[in-house]
Amino acid sequence: MKFSKKQACMIIAAAVSVCFLVCLISTVQVVLAARANGGSIPLGMVMLTLVTLLCAALIWKGVRDMD
């Protein structure tokens, strides 16, 4: 099965978007649990979520701008 460059990039963008959603759900759960238990917010997870969002947005922007 052959994919064009744009199709391959769309598959990668979709995979990164799914990773962002999984990361976001996990981060929200951990932050809510930390607040309920009086713990500190895990800034590493929050940063990972933001970086994953940035990567997904940049990849989708690149796919949109392809010929």
Are Leu53 and Leu21 connected in a single hydrophobic cluster, I mean Ile/Leu/Val/Met/Phe/Trp/Tyr linked by side-chain heavy atoms less than 4.5 Å apart?
yes

For Pro42 and Val31, the nearest pair of non-hydrogen atoms, with its separation, is CD-CG2, 4.3 Å

What do you reckon, is CE of Met45 surrounded by more than 12 foreign heavy atoms closer than 6.0 Å?
yes

Nearest heavy-atom neighbours spanning Ile59 and Cys9:
CG2-O, 4.2 Å

In terms of hydrophobic clustering (I, L, V, M, F, W, Y; side-chain heavy atoms under 4.5 Å; direct or indirect links), are Leu50 and Ile41 co-clustered?
yes

Do you know the tightest heavy-atom contact between Trp60 and Ala14?
CZ2-N, 3.8 Å

Pairs involving residues 45-54, ordered by first then second residue, that meet side chain to side chain donor-acceptor pair (under 3.5 Å) (sequence neighbours left out):
Thr27-Thr49

For Lys61, enumerate each residue passing the side chain to side chain donor-acceptor pair (under 3.5 Å) test, keeping only those at least two apart in sequence or located in another chain.
Asp65

Closest heavy-atom pair, Ala34 versus Ser40, reported as atoms and distance to 0.1 Å, is CB-O, 3.5 Å

At their closest point, which heavy atom of Lys6 faces which heavy atom of Met66, and how far apart are they?
CA-SD, 3.6 Å

Should Leu24 and Leu32 be regarded as members of a common hydrophobic cluster, given that ILVMFWY residues are connected when their side-chain heavy atoms come within less than 4.5 Å of each other, either directly or indirectly?
yes

